[in-house]
2 protein chains.
Amino acid sequence: MLAMDGYDKYAHEPFAVTVDLAVFTLREGALHVLLVERGQEPYAGHRALPGGFVQPDESAETAARRELAEETGLSDVSGLHLEQLRTYSEPGRDPRMRVVSVAFAALLPDAPEAHGGSDAARADWVPYGTAGPLAFDHDRILADAHERVGAKLEYTCLATAFCPPEFTLGELQQVYEAVWGTPVDRPNFRRKVLATPGFVEPVPGAARLTGGRGKPAALYRAGNATTLHPPLLRPTPEGRPA
Amino acid sequence: MLAMDGYDKYAHEPFAVTVDLAVFTLREGALHVLLVERGQEPYAGHRALPGGFVQPDESAETAARRELAEETGLSDVSGLHLEQLRTYSEPGRDPRMRVVSVAFAALLPDAPEAHGGSDAARADWVPYGTAGPLAFDHDRILADAHERVGAKLEYTCLATAFCPPEFTLGELQQVYEAVWGTPVDRPNFRRKVLATPGFVEPVPGAARLTGGRGKPAALYRAGNATTLHPPLLRPTPEGRPA
DNA sequence: CCCTTTAATAGTCAGCTCGACTATAAAAGG
DNA sequence: CCTTTTATAGTCGAGCTGACTATTAAAGGG
């Protein structure tokens, strides 16, 4: 607290503060991440997480949401789930200068082809796990984000953030399977979801949706519950969970 | 990513980056927090979380551990649990300048009277909840830290970080009760702890500790497990968990 | 020296949840 | 019409949990 009491005493180079975004969505049942391609050194030609500098009048959260709108091309990102992950501040993480980056995870229901509009942001949806090594420490950030999202599916109702306003239980189950990378037993899944008050609520108009062959599925909307008690644990292949 | 590709193009004031620490310990069964008293404006006379600037060659984690050592007066803080909470970056959070603060939570087993050694750091252990309004946004940070620690007790073996190397199950239970603020059923608690492989392991020398009246309790050490599956949920007074 | 108090440890029992299934219903396609 | 496909319904036993009761081993006071 010495330094805190005497601001004029400290002598150090300033920090640049950025936000980095791990934006996830589901496309055809597979988890995808939004990545940009770097045109300049360092890491020219590598992919990277979208992000940018925090402006003087912004909080990191505000900057993250602004970047999210810019990179996805979506006009309204106000309802999207955006969550601070953690801050990466290793001295050598950017070879050019001292950059402290606040990382966020975001979830999108549908996947519009990115790099929308006129700005030069070139972002693409890439299936999770298929992008080569990313620039800077972005592999680590992305892995942390994936782990966080997977964990939050267990004890929150976050999964509906991946779904359109109306969805079937099968689609909701696909969210879990895509993020966790493991199959989920269908009858047990619907029992758990339907037994949790406020997780989903049926669309009353006896609505149903069809796109494939089988029996049409009932439609549901996201409820107002946020947490899951008890949690919906992902299957562990055996032994101690990580 | 525009700005990321052209560092020389950005023009903005630099940010100061600090760490703030919410350091918890148990004293006589009650949860305490380490707080410093501010001598200068703003918030002169208010208490605040210990913290300080991140130096140019440090990561936030390194800075946090350095501050932890300085403020507690402990010579060895390498084994202590230190965990990044989140980053607070609202533009107006410090009236003097633009400060982005990375918050950490730390857990101490015993509670040496702080402000040790010769340095001017004056830190005191204050029972949690009894300190008036804190400086800056530190009330919010402290509340977030408390919530995080309480949540992690549910699904990790973190509670042993509050205990000395050897402890009784009663002491371990006190950790849960102090952090959660609710009583815990003793037989059920020990059944759960003992049934979780790797949570605690008995000290083989039939050791026992006594300080009070009743039957002496067996001593245990922390095991090597880190997570709790299934979790040890804190009692909910009824209804939806927050 | 006994008896009360205090705290640790052991054990019981019903209810709930979960994983692993099997069975039925309702559509599409040939 | 029959097969395939997918949604939905139901069954059964194991395991965990919450709410208890009982026993054991010490300290302290009369």
Side-chain angles (χ1 to χ4, degrees), chain A residues 28-29 153-155 163 166-177 180 182-197 199-203 206-220 227-241, chain B residues 28-29 153-155 163 166-177 180 182-197 199-203 206-220 225 227-239 241:
Chain A
E28 296 153 30
L153 287 189
E154 292 192 331
Y155 61 95
C163 296
E166 299 190 342
F167 52 88
T168 69
L169 292 186
E171 290 168 346
L172 190 64
Q173 181 178 345
Q174 277 196 333
V175 172
Y176 282 85
E177 295 181 327
W180 287 349
T182 61
V184 173
D185 181 82
R186 183 159 9 201
N188 292 339
F189 177 78
R190 50 186 299 115
R191 176 181 54 182
K192 176 70 177 177
V193 171
L194 295 176
T196 302
F199 193 170
V200 298
E201 46 191 35
V203 174
R208 34 191 59 215
L209 168 94
T210 176
R213 300 187 241 307
K215 175 177 177 178
L219 286 179
Y220 294 85
T227 59
L228 229 50
H229 255 345
L232 176 51
L233 298 176
R234 61 188 128 178
T236 51
E238 189 55 38
R240 202 82 52 253
Chain B
E28 295 153 31
L153 287 190
E154 293 192 329
Y155 60 95
C163 296
E166 300 190 342
F167 52 88
T168 69
L169 292 185
E171 290 168 345
L172 189 65
Q173 181 178 345
Q174 276 196 334
V175 172
Y176 282 85
E177 294 181 327
W180 288 347
T182 61
V184 173
D185 181 83
R186 185 165 1 206
N188 292 340
F189 176 79
R190 50 186 300 114
R191 176 180 54 183
K192 176 71 177 177
V193 171
L194 295 177
T196 302
F199 193 169
V200 297
E201 47 191 35
V203 174
R208 35 190 59 213
L209 168 94
T210 177
R213 299 185 242 307
K215 176 178 177 177
L219 286 180
Y220 294 84
T227 60
L228 229 49
H229 255 344
L232 176 51
L233 298 176
R234 61 189 128 179
T236 52
E238 189 56 37

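Lettering of chains follows the sequences in order, A, B, ..., and the numbering in each one begins at 1.
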(Q) Tell me the interatomic distance from B/R234, atom CZ, to D/dG18, atom C1', rounded to whole angstroms. (A) 18 Å
Q) Within this structure, what is the CZ-to-P distance between B/F189 and D/dG18, rounded to whole angstrom? A) 12 Å
Q | Base versus backbone protein contacts along nucleotides 11-17 of chain C [heavy-atom cut-off under 4.0 Å; B, S, -] | A | BB-----
(Q) If I take atom NZ in residue A/K215 and atom C1' in nucleotide D/dT3, what distance separates them, rounded to the nearest angstrom? (A) 18 Å
Q | Check: A/Q174 and A/C163 side chains under 4.5 Å, non-hydrogen atoms | A | no
Q.
Tell me every residue that passes ring pair (Phe, Tyr, Trp, His ring centres under 6.0 Å) with B/Y220, counting only those two or more places apart in sequence or in another chain.
A. none
(Q) Output the rounded distance in Å from CD (B/E154) to P (D/dT17). (A) 12 Å
**Q.** Set of ring pair (Phe, Tyr, Trp, His ring centres under 6.0 Å) partners for A/F189, sequence neighbours left out
**A.** A/Y176
Q | Spacing of A/L194 atom CG relative to D/dA9 atom P, expressed in whole Å | A | 8 Å
Q) Rounding to a whole Å, what distance do you find between B/R190:CZ and D/dC16:P? A) 18 Å
Q) For the pair made of CD in A/E171 and C1' in D/dT6, what is the distance, rounded to whole Å? A) 13 Å
Q) Is any side-chain nitrogen or oxygen of B/R213 closer than 4.0 Å to OP1 or OP2 of C/dA7? A) no
Q: Rounded to the nearest angstrom, tell me the gap between atom CG in B/L233 and atom P in D/dG18.
A: 7 Å
Q | With A/N188 via side-chain hydrogen bond (donor to acceptor under 3.5 Å, both in side chains) - residues at least two apart | A | A/D185, A/R191
Q: With sequence neighbours left out, write down each residue that passes side-chain hydrogen bond (donor to acceptor under 3.5 Å, both in side chains) with B/E177, or none if nothing qualifies.
A: B/Q173
**Q.** Qualifying residues under side-chain hydrogen bond (donor to acceptor under 3.5 Å, both in side chains), relative to B/E154, sequence neighbours excluded
**A.** B/R234
